[in-house]
Amino acid sequence: MEFNVNDKCIHCGKCINDCMGKALKFDENRIPVLDETKCIKCQHCMAICPVGALSIMGKNPDESELPDNLPAPEQVLNLIKNRRSIRHYKHENIDKEKLEKLKNMLNWVPTGVNNHGLHFAFIDDVEVMDEFRDYTNGKMLRVLSCCDKRNKILMGITEPVVKFLTKKFARYKDSFLKGEDIIFRGAPHMVVVSTPVDAPCADIDPTIALSYFELYARSLGIGTCWCGLAYAMIKVFPELCEHLEIPENYKAGYVMLFGNPDTSYPRATQPEPCRMISVKKGIKNSTIQEKAKRFFWNFVR
Ligand SMILES: Cc1cc2nc3c(=O)[nH]c(=O)nc-3n(C[C@H](O)[C@H](O)[C@H](O)COP(=O)(O)O)c2cc1C
């Protein structure tokens, strides 16, 4: 891997101090040297250098964006408070430039151990989305309406799948059967995030990526909706993963719908406060039963 320190280096050691993988140390001339085997490629060494003397992975520090022009805290908070799940969309493609901005932003989302193995399957085109919607809704219709067990198995719809989806759809069944697009909410676009099954933080990386996505989308005037129902469909019908070209040894992490909103919210919500505590000093010695309970909740459930 390319790693260069030029003669602007002031030997301050900030890069070494900040290196998460302990991959950097000074040589005999107090110039940082890299042990590639420990490097997680986070580029903190380049980002922290006060004089821009360090380059890694062939990156030119002068091409990095500078942390100016950041939004004020109240602007960030306002964005968070005025993000809404959008369930009514215009049946049109979003502006291409905005789409590219959204895609590009995803390169900056954090992943555990800087794994950056996420895969994003975008449905960019409203016609492709309509096809996906019709196919998936048809599948769900058969789950809800086909009573013949043998027929269901032939269609890849097993009893556990029926149980799982029927439970998820309990409150929407009637509207769905009347033709309402309960799963996709009429969205013209969708993104499915997948993660390598063995990524160090496979359970959380996709969620983080979509959280960034929805906030940035909101700032661009694009509506989004987390889609647990589409995620459920993708989980149980493997052909959907094939269609979305989710790579081998990857698992779908979550789904987000997006598009130009056909609705607006003139005010924010007023959520009930979450439960929060401030931890006190003095570590408690819990009983064996308490420990067993916690272990069960944390690892088994
Ligand atoms: C993990 C997750 C899954 C969700 N799945 C769906 C879904 O399948 N369909 C839907 O219409 N909304 C879905 N939502 C949106 C929530 O219902 C929504 O966040 C909630 O109603 C509050 O509205 P707000 O997001 O506008 O504050 C989901 C939200 C999250 C966080």
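On a predicted model such as this, the values are computed, not experimentally measured, just so you know. Every heavy atom of this structure was used, including side-chain atoms; hydrogens, water molecules and symmetry mates were not.
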**Request:** Evaluate the criterion side chain to side chain donor-acceptor pair (under 3.5 Å) for residue pair His91 and Asp262; output intermediate values, then yes/no.
**Result:** CA-CA 9 Å; His91 193 252; Asp262 201 15; over 6 Å; no

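- A cation-pi arrangement is absent between Lys101 and Tyr216, since the terminal nitrogen or guanidinium carbon is not both under 6.0 Å from the aromatic centre and inside a 45° cone about the axis.
- Sorted by first and then second residue, the side chain to side chain donor-acceptor pair (under 3.5 Å) pairs involving residues 225-237 (not counting sequence neighbours) are Glu214-Trp226.
- Grouping Ile, Leu, Val, Met, Phe, Trp and Tyr by side-chain contacts under 4.5 Å, direct or through others, puts Met20 with Ile40, Val113.
- Judged as a ring pair (Phe, Tyr, Trp, His ring centres under 6.0 Å), the pairs with a partner in residues 279-301 (not counting sequence neighbours) are, in order, Phe295-Phe299.
- Under the 30°/60° scheme for interplanar angles, the aromatic rings of Phe213 and Phe122 are found to be tilted.
- Counting only heavy atoms from C-beta outward, the side chains of Ile208 and Pro110 approach each other to under 4.5 Å.
- For the atom pair Lys41 NZ and Asn114 CG, the distance stands at 9.5 Å (nearest 0.5 Å).
- The structure places OG1 of Thr224 at 7.0 Å from CD1 of Ile86, a figure rounded to the nearest 0.5 Å.
- To the nearest 0.5 Å, atom NZ of residue Lys178 and atom NZ of residue Lys173 are 12.5 Å apart.
- With side-chain heavy atoms closer than 4.5 Å counting as contact, directly or through intermediates, the hydrophobic cluster containing Ile16 also holds Met1, Phe3, Val5, Leu24, Phe26, Ile31, Leu34, Met46, Leu54, Ile56, Met57.
- Note: Leu229 CG to Asp181 CG = 10.5 Å, rounded to the nearest 0.5 Å.
- In this structure, Lys251 pairs ionically with Asp203, as a charged nitrogen and a carboxylate oxygen lie closer than 4.0 Å.
- Ionic pairing of Asp134 and Lys139 is not present here: no N-O contact between side-chain nitrogen and carboxylate oxygen is shorter than 4.0 angstrom.
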Which pairs would a plain distance check flag for residues 271-289, meaning a side-chain donor or acceptor within less than 3.5 Å of a matching protein atom at least two apart in sequence or in another chain?
residue : atom : partner : partner atom : Å
Thr287  : OG1  : Glu290  : N            : 3.1
Thr287  : OG1  : Glu290  : OE1          : 3.4

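- Aromatic ring pairs are classed by plane angle as parallel below 30°, tilted from 30° to 60° and perpendicular above 60°; the pair Tyr250 and His119 is perpendicular.
- Hydrophobic cluster of Leu79: the remaining members, joined at side-chain heavy-atom separations below 4.5 Å, are Val76, Ile80, Leu215, listed by chain and number.
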